[in-house]
Number of protein chains: 2
Amino acid sequence: MTTRITTDRPPRRGQANHVACDDCGLFPLCNPINISGHELSMAEEFVERRQPIRAGEYLFSEGAPFTAIYAVTSGAIKLVNNSDEDEELIVGFVLSGEALGQTGIYPQRYPCSAIALEDSFVCELPFGSLLETANQVPVLLNNFQTMLHKENFDLYRQFAMLMARKNAEQRLSAFLLNLSLRRQERGFSAEEFQLPMSRDDIANFLGLRKETLSRLFTKLHQSGSIAVRGKHIRMLNAEQLRKASGLPSSAS
Amino acid sequence: MTTRITTDRPPRRGQANHVACDDCGLFPLCNPINISGHELSMAEEFVERRQPIRAGEYLFSEGAPFTAIYAVTSGAIKLVNNSDEDEELIVGFVLSGEALGQTGIYPQRYPCSAIALEDSFVCELPFGSLLETANQVPVLLNNFQTMLHKENFDLYRQFAMLMARKNAEQRLSAFLLNLSLRRQERGFSAEEFQLPMSRDDIANFLGLRKETLSRLFTKLHQSGSIAVRGKHIRMLNAEQLRKASGLPSSAS
DNA sequence: GAGCCCATTTGATATAAAGCAATTAGCGCA
DNA sequence: TGCGCTAATTGCTTTATATCAAATGGGCTC
């Protein structure tokens, strides 16, 4: 085996592990008018492209003033809440192609910290530029609102309310389906991938202990739903996993 | 003991059990400009005031087109998700003075059903009117966005993420503190009140069994945190309850 | 390539909550 | 006021997950 960190397949377009612009969650903001003919791109002027961030580094910190929205173009980020003094509380993971920081808009402060799970690249869209341009391009603000609402609903409200009532196996099943689906949405393989986070991080996010989580990985492996080898996951039977998740139809 | 249903104290202003307009969550939308001198009130023209709704009746149904935002002026409403075919999933409670229906804006459909827990009154603010007026009064839209973000953060994101990791006692403690705080915000007594919902509803919302919940009420009662007699609650030691909730400082 | 460190897995036991059954209490109605 | 229905409580048993402890494994450094 080589020393390559990931065995992910490349996305539909662009370089391996890097998401292409038109698969990126920030695309509707970077390119608010992309209909035939018109070409207003904020990307050229405002977006700071491909900034590197090393594993463990903070992209922004909880409570810091809200200045920019980001998109992960490669790698992965965890969102951490430290308000509970003693231990960190992981409130979400941001995958390659997904946006983060949007939720800072309401109180004008980031509600959580963003920490790189592995060496990553991000694009930065300063919020000031966004507002300035929004006056000329109303659709921009609309795109932003849509993004916010979608995120609030999909990522937080539904998922968290479900979590509160699901048992350990259902939580892990739902989590894996969720990751797989999100990868698919960004043009990555939904069937096979490397988990960017540790077992501890998953356990933290799902409100379980790492021992319980480990046993569950073993159980899902043995039941034939997935193949697990360390962080490498292969989805063998998504339908079975969906049943195990206790979710109605399509996991958010 | 008399046959009066509730022993709630009256709010700061207005009739007993009815919230006054300026304690109402819809106030910033009904009266977007209430600064000295100006008086633009949507209330006079558009708001349908004090519509009665009987216990068990639907105010709106999950999936129905989004037409209006409501405020509960007296009584209480439960928000129910029926997407899980077999059983209902209670995703929240709306108390007197609070708004509901706002979250229908994104997909233009109500994401859950609203069912009266007891005979109640609501005000209705048609969304069409809101949009029309918003063109003339930009601050209106801003108030609306603020309301949405606040709700998404307070009511759902934080609360639900906490729930997923809290044990039964912590959940119930947090729930009671949350109710108490919300009553206080609307000018009702935070120390003593009637629960508008059944034990089954609370258990459903908190992801617990009613037997577990019942034991916990007994436990909190015996520990001196609260006094319970059926649906009547008296908060005896909020600080103790806060500790039991495992929440950092002020429960949302 | 060997050794070390830390993440992960596995095993054994304790504990919290669910599940089931029976009793009690509250409330509407005759 | 008493009856009857349903909600709520309580007791007992089972199950799922946490907890504690030990063993294994993978990746990194030298």
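Computed from a predicted structure; not experimentally measured. Throughout, protein chains are lettered first and strands after them, A, B, ... in sequence-line order, and every chain is numbered starting at 1.
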Practice task
Establish, with yes or no, whether the OP1 or OP2 oxygen of C:dT9 is under 4.0 angstrom from a side-chain nitrogen or oxygen of A:S214.
Solution key: yes
Exercise for the section: May I have the distance from B:H232 (atom NE2) to C:dG26 (atom C1'), rounded to whole angstrom? Expected result: 15 Å
Problem - Sub-4.5 Å side-chain heavy-atom contact between A:S198 and A:D201 - result: yes
Practice task
Quickly work out the A:L208 CG to D:dA16 C1' distance and round it to whole Å.
Solution key: 11 Å
Exercise for the section: Specify the separation, in whole Å, of atom CZ of A:R215 and atom P of D:dA18. Expected result: 10 Å
Completion exercise
From the candidates D:dT17, D:dA8, C:dA17, the one with an atom nearest any side-chain atom of A:T212 is D:dT17
Handout entry: Nucleotide D:dT10, atom C1' - distance to CG of B:L216 in whole Å
Key = 13 Å
Exercise for the section: Calculate the interatomic distance between B:R165 atom CZ and C:dA17 atom P; express it in whole Å. Expected result: 17 Å
Exercise for the section: Considering just the side-chain nitrogens and oxygens of A:R199, establish if one lies under 4.0 Å of OP1 or OP2 belonging to C:dA7. Expected result: no
Practice task
Just call it for B:S198: base, sugar-phosphate, or nothing, with non-hydrogen atoms closer than 4.0 Å on any strand.
Solution key: sugar-phosphate
Handout entry: A:T218 side chain near C:dT10 phosphate (N/O to OP1/OP2, under 4.0 Å)
Key = yes
Exercise for the section: Compute the ring centroids of A:F66 and A:F60, then answer whether they are less than 6.0 Å apart. Expected result: no
Handout entry: Side chain of A:E211 (C-beta onward), nearest among C:dT10, C:dA17, D:dT17
Key = C:dT10
Practice task
Check the distance between C:dA17's P and A:R209's CZ and give it to me in whole angstrom.
Solution key: 13 Å
Practice task
Tell me, with the steps shown, if B:F193 and B:R234 meet side chain to side chain contact (heavy atoms under 4.5 Å, CB included).
Solution key: CA-CA 7 Å; B:F193 50 90; B:R234 192 184 306 212; over 6 Å; no
Problem - Any donor-acceptor N/O pair, B:H232 side chain to B:Q194 backbone, under 3.5 Å - result: no
Exercise for the section: For B:L220 and D:dT9, give me the distance from atom CG to atom C1', rounded to whole Å. Expected result: 15 Å
Handout entry: Parallel, tilted or perpendicular, as decided by the 30° and 60° cut-offs, for the rings of A:F175 and A:F205
Key = tilted
Problem - Atom-to-atom span, CZ of B:R229 to P of C:dC27 - whole angstrom - result: 9 Å
